[in-house]
Amino acid sequence: MSGENQVRVAVVKCRNYEQDLVDRQVDRCLQLMGGLSRYVKKGDRVLLKVNLLSPEPPEKAITTHPAVVAALIKRVQALGAHPVVGDSSGGLIVGRSRTHRSFIKSGIKEVADRLGAETVNFDTAGVVAVDNPRGVKPRQLHIAKPVLDADVVITVPKLKTHSAALFTGAVKNMYGTVPGALKMEYHRLAPRPADFTRILLDIFQVTKPHLAVMDGIMTMEGNGPAAGSPKHLGLILASSDSVALDAVACHIIGLNPERVSTLQQAAERNLGQACLAKIQVVGTDIAELPVGDFKLPSNALLERVPSFIGSYLLGMLRARPVIQKDKCTGCRICVDNCPAGAIRFADRPLVDYRTCIDCLCCHELCPQRAFILTPRSAAARRLVKLLEKRKRHS
Ligand code: SF4
Ligand code: SF4
């Protein structure tokens, strides 16, 4: 992975979130990408698109860590530009978005205020309808106005596994540029995973970041993006190519980027480079990087099923959400945010699996982590156990 004309991804080690260390290592990462001044000019309005999935503290490793955001704010300010930190959280509580609480709980509001940077809640900052670049339905995409008003967009994701998409990083982070409940609408319009990926990439295409800086210090493994477990990786990554950055991050956690359909479709659409052989990794020796014991999401096992098994059986194997009654507090977030209207509330939420589109939003948004993921049939569950056993042996 070397060569002058290759897409470049910078990877530097950063063992913890001590602010001085993060400042130095973010700076080093940016230097390896030619310096932030290559992307940002004096007077620019620079949007830092963070990951504020839900109102959770930094130690849960669900949101971008405030130390990484602080380091970027300071770098942008040092160039005489104006940093703006923004996102829209997933889910509503009785019609109200959770973004404001996410800003506070994540610690990002506090660092932004202290450093004099603006914060914008995409749910309330205006929305612009943009023509879908593919010219198909949905004909228009609704994007938060501050994203389109920015001179420079920097995506600042958290490295996490994802129960539905297998991986979430720089590319998927841009889905948060869709304000509030409109996110559910796109799930409703595209119930099949492949169709949803196409819309996700339409959104990525119209909001394409100039730069990506990934928080890979404490990451998430297992059934992310919210219900997995924090995992120390100790890395910061940067690239002007979000697809390449995600591909390298996948490689590091032992997930073949060829298995991540978001990255493969993005590469097919020339939105970035997903082929590791064509990516130059700088800053750290790529041979040192892969982490063998990173837990992948339940659905990652589907990739081990031979193709002759067919799509019907694959559908049976796909994980579905099951509620653990003892953990549920009855908050109804899952009911209010199910794009298919597949959850009704009696004395507790009940999922109608005939209507469920397997988007796993309920699993992602439940604050009590009351949903577990399990294959649809007993036979499929047995097959998954067998695959898990084979995976452990191999
Ligand atoms: S399952 Fe989770 S999101 Fe749904 S009502 Fe119970 S606690 Fe709330
Ligand atoms: S029940 Fe859960 S996985 Fe099924 S459609 Fe609703 S939110 Fe998506």
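Computed from a predicted model, the values in this text were never measured in an experiment. Along the sequence shown, the residues carry numbers beginning at 1. When a ligand or atom number is given, it counts from 1 through the structure's own listing order.
- In this structure, Arg332 does not pair ionically with Asp336, as no charged nitrogen and carboxylate oxygen lie closer than 4.0 Å.
- Nearest to atom 1 (S) of ligand 1 among the protein's heavy atoms is Phe371 CE1, 3.6 Å.
- A donor-acceptor pair under 3.5 Å is formed between the side chain of Ser163 and the backbone N or O of Gly224.
- Close contacts between ligand 2 and Ile343 involve ligand atoms 1 (S) [criterion: under 4.0 Å to a heavy atom].
- Few gaps surround NZ on Lys74; more than 12 heavy atoms of other groups in view lie less than 6.0 Å from it.
- Of the protein's non-hydrogen atoms, Cys334 SG, 2.3 Å is the one closest to atom 4 (Fe) of ligand 1.
- Taking backbone and side-chain atoms together, Cys331 has no N/O/S atom less than 2.8 Å away from atom 2 (Fe) of ligand 1.
- A salt bridge is defined here as a Lys NZ or Arg NE, NH1 or NH2 lying under 4.0 Å from an Asp or Glu carboxylate O, and Lys13 with Glu288 meets this definition.
- With a 4.0 Å cut-off on non-hydrogen atoms, Cys328 touches ligand 1 through its backbone as well as its side chain.
- Between Lys183 and Ser89, the closest heavy-atom pair is NZ-O, 3.3 Å.
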>> Apply side chain to side chain contact (heavy atoms under 4.5 Å, CB included) to residues Leu47 and Val147 and explain how you reach the verdict.
In response: CA-CA 7 Å; Leu47 178 79; Val147 182; 3.9 Å; yes
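- Taking a cutoff of 4.0 Å between a charged side-chain nitrogen and a carboxylate oxygen, Asp151 and Lys41 do not qualify as a salt bridge.
- Numbered from 1 in the order shown, with element, the atoms of ligand 2 that lie under 4.0 Å from a heavy atom of Val351 read 1 (S).
- Distances below 4.0 Å separate heavy atoms of Arg332 from the following atoms of ligand 1: 5 (S), 8 (Fe).
- Between Asp113 and Lys109 there is a salt bridge, since a side-chain N of the basic residue sits under 4.0 Å from a carboxylate O of the acidic one.
- If you check which protein heavy atom lies closest to atom 7 (S) of ligand 1, you get Thr329 N, 3.5 Å.
- Side-chain contact, Tyr17 with Asp215: a donor N or O sits under 3.5 Å from an acceptor N or O.
- Donor-acceptor pairing under 3.5 Å is lacking for the side chains of Thr63 and Asn51.
- Per-residue contacts place Gln368 under 4.0 angstrom from the following atoms of ligand 1 (heavy atoms of the residue considered): 7 (S).
- By the criterion of a separation under 2.8 Å, the protein N/O/S atoms near atom 8 (Fe) of ligand 2 amount to Cys359 SG.
- Neither the backbone nor the side chain of Thr355 comes within contact range of ligand 2; no heavy atom lies under 4.0 Å.
- Ring planes of His187 and Tyr175: perpendicular class, angle over 60° (limits at 30 and 60°).
- In this structure, atom 2 (Fe) of ligand 1 lies nearest to the protein heavy atom Cys366 SG, 2.4 Å.
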